[in-house]
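Numbering of residues begins at 1 and proceeds along the displayed sequence.
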Amino acid sequence: MVTDPIFRAFAHLTERAPRASLVVSRTRRVDRGAVAELARGVALDLEALAAAGALPTGRPVAFAAANGASFLAGFLALRKLGHPALLLDSGTPEAERLRIARSLGAAAILEAPSAWPAGPEAFALRAVGPAAFGSAEHQDAAALRMYAAPFDPARIAVIKVTSGSTGAPRGIATPAEALIADDEQLGRSMGLSPDDAFLATVPMTHSYGLASLAMPALLRGQVLVLSEGDTPGEPLAAAEACGATILPTVPAYLDALLRTSHPPPWPRSLRLALTAGAPLPRATAVRFRATFGQPVHVFYGASESGGICFDREGGAGERGTVGTPIDGTTVRLLDPDENGAGVIAVSSPAVALGYLPEPDDRLAHGTYRTSDLAAWRDGELALLGRVDDLVNIKGKKVNPREVERVLGELLGVREVAVLGVPRAACGGEVLRAVIACCDGALSTDQVLSWCRPRLAAHKVPRSVVLVRSLPRTERGKLDRSALLDLARHLQPA
């Protein structure tokens, strides 16, 4: 008997209405029954691999799939058989997939590149193989080391991937109960209804997409709408045609949409646009309201804890906050300074079990202690930066977010990232500002002249990089490595 509550919830939905639409686009449609049948076929392939001795019971399976029926069916198959899904980006290179799979104890890799699979044959399944850990005995020993953690490994439904302090892959062990709790808390906080349909532009292999797209579909049968093109306006066209009501997205998409010469009309059915994954620039929030006549709602969360805060009324991005705590969560600021700024700690039933392969007391017993600094502003949480982002300028600590806020008020600045760069010649760090703006809109002298009367001398960037857009990863987050490479090419001013 299947004990996974996510699998049971979807099975119940399918029994009640097997022909109900689950994934749609302007030209295609997949119902619940078809996804369930696809999951059964994938499960048979997994069982065959297990029968051949290449997939031990309960071992994680690295899983990379396109949005839509592929992800939903593959995830259901893994949960049916009790294999934790180690989530990988679909664009992750082969060598990196193997490295992550091996380091986090996966015995196999399941891939599904097609958004609209014709059958189980559209999935590629292969064992990671003895090369991962050497002999079968070595594989078993690695699995034991992998789960030398203060929780029952049988409870793990999903392993989300993040980077540890050394840069090595680190897993976030998440039980089905936490995913379900997060879905319930977000549903209440966002006022979701059974009639809502979600525009699926965020990858479901990311924590944000898993929570805001995959779980609503699997647990509540919410319809997912896929777009069929790559232009910024295509998702909105799909929303209009298919009646999507909710758009979970990232600031980079909103900025791209607003930078088109003629932004498309806002779909009549789309009642809620929410953004997460990266800070929302105030300028983007202001332009969004001016262009489309409605606010974009900020959603703040973490892979370790699920949702933390949500902007229920809209406008938090324009005020520089991330809204108020999600229903069911407790948000505290640890060791606040004289200005009330402290490190965010969140407790809720949605918090993950812990880190893999090595536990860390920052994530344990239902509480996650983040690295984010914040303060309360009129009941809303305002993010102030990260503890590990502080830059040491000649013995004085500088929070890059403070400098970014000042630069963000300069006319012509679309987006800005401030970071510290090591000084090879004499040690220490210098402050760099990488600014996204239109060609010719700003000069280095203008930027520095703006900063000098508004910031202490040690907080003024030593040099400025002007670019058309800030480099970002597939997840829509700032690409820190690319930013450092840009800054390293300059000499201090």
Side-chain angles (χ1 to χ4, degrees), residues 250-261 277-288 290-291 317-318 320 373 382-473 476-493:
V250 296
Y253 170 74
L254 297 178
D255 188 59
L257 183 67
L258 292 168
R259 283 192 284 112
T260 58
S261 56
L280 176 67
R282 180 179 179 276
T284 301
V286 170
R287 289 176 60 207
F288 185 91
T291 302
E318 298 161 65
L373 289 169
L383 300 182
L384 304 176
R386 292 176 60 85
V387 173
D388 50 13
D389 272 354
L390 296 181
V391 181
N392 190 330
I393 305 295
K394 296 182 179 180
K396 298 179 179 180
K397 296 294 192 297
V398 177
N399 188 334
R401 302 297 88 78
E402 177 187 1
V403 183
E404 288 173 358
R405 283 195 296 275
V406 170
L407 285 169
E409 296 172 355
L410 173 59
L411 185 64
V413 173
R414 286 206 304 259
E415 198 173 8
V416 59
V418 174
L419 62 162
V421 180
R423 299 186 67 171
C426 55
E429 293 179 288
V430 293
L431 212 59
R432 301 287 196 256
V434 183
I435 296 175
C437 61
C438 296
D439 291 343
L442 292 170
S443 69
T444 297
D445 287 343
Q446 285 176 296
V447 172
L448 297 179
S449 295
W450 175 266
C451 290
R452 288 183 182 117
R454 293 171 174 84
L455 291 166
H458 68 282
K459 298 179 182 179
V460 175
R462 289 293 303 277
S463 59
V464 176
V465 183
L466 302 175
V467 295
R468 291 183 178 180
S469 61
L470 298 186
R472 295 190 176 275
T473 67
K477 297 179 181 293
L478 287 177
D479 189 329
R480 307 297 295 184
S481 296
L483 284 171
L484 282 169
D485 286 340
L486 284 172
R488 284 182 182 128
H489 294 156
L490 293 186
Q491 295 298 317

* Structure fact -> In Val434, Ile435, Val464, the residue satisfying side chain to side chain contact (heavy atoms under 4.5 Å, CB included) with Val416 is Ile435
* Structure fact -> Heavy atoms of Pro400 and Val398 approach each other most closely as CD-O, 3.3 Å
* To do: To the nearest 0.5 angstrom, please state how far the CG atom of Asn399 sits from the CZ atom of Arg405.
  => 6.5 Å
* **Heavy-atom closest contact (His458 atom, Ile393 atom, distance)** => O-CG2, 3.8 Å
* Asked: How about Arg259: does its CZ atom have over 12 heavy atoms from other parts shown lying under 6.0 Å from it?
  -> yes
* What closest approach, in Å, do Val413 and Gly408 show between heavy atoms, and which atom pair accounts for it? -> CG1-CA, 4.3 Å
Distance-only criterion, 3.5 Å: show the donor-acceptor pairs between side-chain atoms of residues 447-456 and protein atoms not counting sequence neighbours.
| residue | atom | partner | partner atom | Å |
| --- | --- | --- | --- | --- |
| Ser449 | OG | Asp445 | O | 2.8 |
| Trp450 | NE1 | Val406 | O | 2.9 |
| Arg454 | NH1 | Trp450 | O | 2.8 |

* Asked: Counting distance only, does the side-chain N/O of Thr284 pair as donor-acceptor with the main-chain N or O of Leu280 below 3.5 Å?
  -> no
* For Ser443, enumerate each residue passing the side-chain hydrogen bond (donor to acceptor under 3.5 Å, both in side chains) test, keeping only those at least two apart in sequence or located in another chain. => Gln446
* Asked: What's the shortest heavy-atom distance between Ala278 and Pro251, and which atoms?
  -> O-CG, 3.4 Å
* Structure fact -> The reported gap from CG in Leu258 to CZ in Arg287 (rounded to nearest 0.5 angstrom) is 5.0 Å
* With sequence neighbours excluded, residues passing side-chain contact (heavy atoms from CB on, under 4.5 Å) with Val250 -> Tyr208, Ala252, Tyr253
* Of the non-hydrogen atoms in Gly317 and Ala285, which two are nearest, and what is the gap between them? -> C-CB, 3.8 Å
* Check whether any side-chain heavy atom of Ser463 sits under 4.5 Å from a side-chain heavy atom of Arg432, and report yes or no. => yes
* Asked: Is the shortest side-chain N to carboxylate O distance from Arg401 to Glu404 below 4.0 Å?
  -> yes
* **Approximate separation, where rounding is to 0.5 Å, of Leu411 CG and Leu442 CG** => 8.0 Å
* Asked: Which heavy atom in Ala436 sits nearest to a heavy atom in Ser469, and how many Å separate them?
  -> CB-CA, 3.9 Å
* To do: State the NZ-CG distance between Lys459 and Leu431, to the nearest 0.5 angstrom.
  => 10.5 Å
* Sub-4.5 Å side-chain heavy-atom contact between Arg414 and Leu470 -> no
